[in-house]
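Report on the following structure.
Just so we're clear, the structure is a prediction, and the values are computed from it rather than from any experiment. When a residue number appears, it is its place in the shown sequence, counting from 1.
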Amino acid sequence: MKNFFSYYEGSLSSFIDAACQHTGTLLKFRFCPASDSLISDLKQYAISIDSSFCHVIDNSAVKHIFNFHSSHDEELRGQLPLAKSDLLLIPEIVKNYDSLNVSVNKRNQEVILYSKTFSDNTTFYVEEVRSGRKELAACTMYKRKKANSPTLMD
């Protein structure tokens, strides 16, 4: 069976740069295997994965995140615009999340919503479970100012 994608070799930072410029085939980046704590936490949602599952992000997800969540229009939704530095935090979020929740998307696929609080914001990262490829694949990401953080009005 022919692959319609290729795996990027290099750093997450250089992948993000390449994903923004890449217009050809699907490009994926594997950044870490599923952790034991994630495997255990997902059992309460009746999701069975193992350590062979890997977190991935592809160029479509990067483009979606930047196209829909990086402008100042995010502030109209009560969110903060994302930058490349936020995407570089994804491995930290999936390894050391503060909480997670599971839902089903429009295509009836299970999705995992991670949240992680940083000094001035809470970042949310969403992945879908792709059992066939044993992937936890990036869908979207957004962040909100922490409730006790100063605003521009302050």
Side-chain angles (χ1 to χ4, degrees), residues 4-35 37-38 41-42 45 47 49 53-131 133-154:
F4 295 100
F5 63 88
S6 59
Y7 287 106
Y8 184 82
E9 299 295 328
S11 69
L12 178 56
S13 180
S14 63
F15 170 76
I16 293 167
D17 294 337
C20 291
Q21 298 170 359
H22 193 265
T23 57
T25 61
L26 184 64
L27 190 61
K28 292 185 181 185
F29 180 76
R30 293 183 198 151
F31 54 92
C32 64
S35 67
S37 59
L38 178 62
D41 288 345
L42 289 177
Y45 295 99
I47 296 176
I49 66 169
F53 276 72
C54 192
H55 296 278
V56 301
I57 187 167
D58 62 38
N59 52 335
S60 295
V62 171
K63 288 177 184 178
H64 167 84
I65 290 167
F66 284 137
N67 288 341
F68 291 95
H69 302 288
S70 67
S71 76
H72 290 290
D73 291 344
E74 284 295 279
E75 294 167 357
L76 300 174
R77 293 185 274 244
Q79 299 174 173
L80 298 167
L82 293 172
K84 179 181 176 181
S85 58
D86 296 303
L87 274 71
L88 294 174
L89 295 172
I90 293 172
E92 169 69 16
I93 294 167
V94 300
K95 288 179 187 173
N96 298 304
Y97 51 88
D98 294 329
S99 66
L100 65 80
N101 202 342
V102 171
S103 185
V104 176
N105 66 12
K106 293 181 230 177
R107 295 179 300 183
N108 207 31
Q109 291 176 293
E110 294 167 322
V111 293
I112 306 166
L113 171 65
Y114 302 85
S115 69
K116 176 78 176 162
T117 300
F118 295 98
S119 61
D120 64 344
N121 71 74
T122 300
T123 301
F124 300 89
Y125 174 67
V126 182
E127 292 179 319
E128 64 184 25
V129 178
R130 296 179 181 166
S131 296
R133 291 200 185 271
K134 295 192 174 211
E135 292 178 342
L136 302 169
C139 295
T140 193
M141 182 179 192
Y142 56 96
K143 68 179 179 178
R144 294 190 176 138
K145 187 175 284 267
K146 276 178 48 177
N148 60 353
S149 294
T151 65
L152 292 175
M153 300 303 275
D154 295 335

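Of the inter-residue distances, the one linking Phe31 atom CZ with Leu136 atom CG reads 8.5 Å to the nearest 0.5 angstrom. Separating the CZ atom in Phe118 from the NZ atom in Lys143 is a distance of 9.5 Å, to the nearest 0.5 Å. Taking NE2 from His69 and CG from Asn67, the interatomic distance works out to 9.5 Å, rounded to the nearest 0.5 Å. The distance from atom CG of Leu82 to atom CE of Met141, rounded to the nearest 0.5 Å, is 6.0 Å. Rounding to the nearest 0.5 Å gives a distance of 12.0 Å between CD of Glu127 and OG1 of Thr140. Atom NZ of Lys28 is separated from atom SG of Cys54 by 10.5 Å, given to the nearest 0.5 angstrom.
Heavy-atom minimum distance, Leu87 versus Pro91: O-CD, 4.2 Å. Nearest heavy atom pair, residue Ile90 against residue Ile57, reads CD1-CD1, 4.0 Å. Nearest heavy atoms, Pro81 versus Glu74: N-CB, 3.9 Å. Nearest heavy atom pair, residue Lys63 against residue Ala19, reads CE-O, 3.0 Å.
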Could you walk me through whether Leu42 and Leu100 satisfy the side-chain contact (heavy atoms from CB on, under 4.5 Å) test, starting with their C-alpha distance in whole Å, then the side-chain angles of each, then the deciding distance to 0.1 Å, before giving a yes or no? CA-CA 9 Å; Leu42 289 177; Leu100 65 80; 4.1 Å; yes
List the steps, then state whether side-chain contact (heavy atoms from CB on, under 4.5 Å) holds for Val62 with Phe15. CA-CA 9 Å; Val62 171; Phe15 170 76; 3.8 Å; yes
Is there a side-chain contact (heavy atoms from CB on, under 4.5 Å) between Ile16 and Phe29? Walk through the geometry before answering. CA-CA 9 Å; Ile16 293 167; Phe29 180 76; over 6 Å; no
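None of Tyr125, Phe124, Phe66 except one satisfies the ring-ring contact (aromatic ring centres under 6.0 Å, His included) rule with Tyr142; the exception is Phe124.
Qualifying side chain to side chain donor-acceptor pair (under 3.5 Å) partners for Ser14, counting only residues two or more places apart in sequence or in other chains: Tyr8, Ser11. Contacts of Asp58 classified as salt bridge (Lys or Arg N to Asp or Glu O under 4.0 Å), with partners at least two apart in sequence or in another chain: none. In this structure, the side-chain contact (heavy atoms from CB on, under 4.5 Å) partners of Val56, at least two apart in sequence or on a different chain, are Arg30, Glu135, Ala137. Not counting sequence neighbours, the partners of Ser99 by the side-chain contact (heavy atoms from CB on, under 4.5 Å) test are Ser115. Taking Asp41 as the reference, nothing meets the salt bridge (Lys or Arg N to Asp or Glu O under 4.0 Å) condition, with sequence neighbours excluded. Partners of Ser35 by side-chain contact (heavy atoms from CB on, under 4.5 Å), not counting sequence neighbours, listed by chain and number: Ser37, Leu38. Under the rule for a side chain to side chain donor-acceptor pair (under 3.5 Å), the partners of Glu128 that lie at least two apart in sequence or sit in another chain are Asn105, Arg107, Arg130. In terms of the ring pair (Phe, Tyr, Trp, His ring centres under 6.0 Å) criterion, residue partners of Phe68 (sequence neighbours excluded) are, by chain and number, His64. Partners of Pro33 by side-chain contact (heavy atoms from CB on, under 4.5 Å), not counting sequence neighbours: none found. Considering only residues two or more places apart in sequence or on other chains, Lys134 meets the side chain to side chain donor-acceptor pair (under 3.5 Å) condition with Ser52. Scored by the side chain to side chain donor-acceptor pair (under 3.5 Å) test, Thr123 finds Asn121 as partners (sequence neighbours excluded).
For residues 73-112, the set of pairs meeting the ring pair (Phe, Tyr, Trp, His ring centres under 6.0 Å) definition, not counting sequence neighbours, comprises Tyr97-Tyr114.
No more than 12 heavy atoms of other residues, nucleotides or ligands shown are found within 6.0 angstrom of NZ on Lys95.
At least one side-chain heavy atom of Ser60 sits less than 4.5 Å from a side-chain heavy atom of Leu26.
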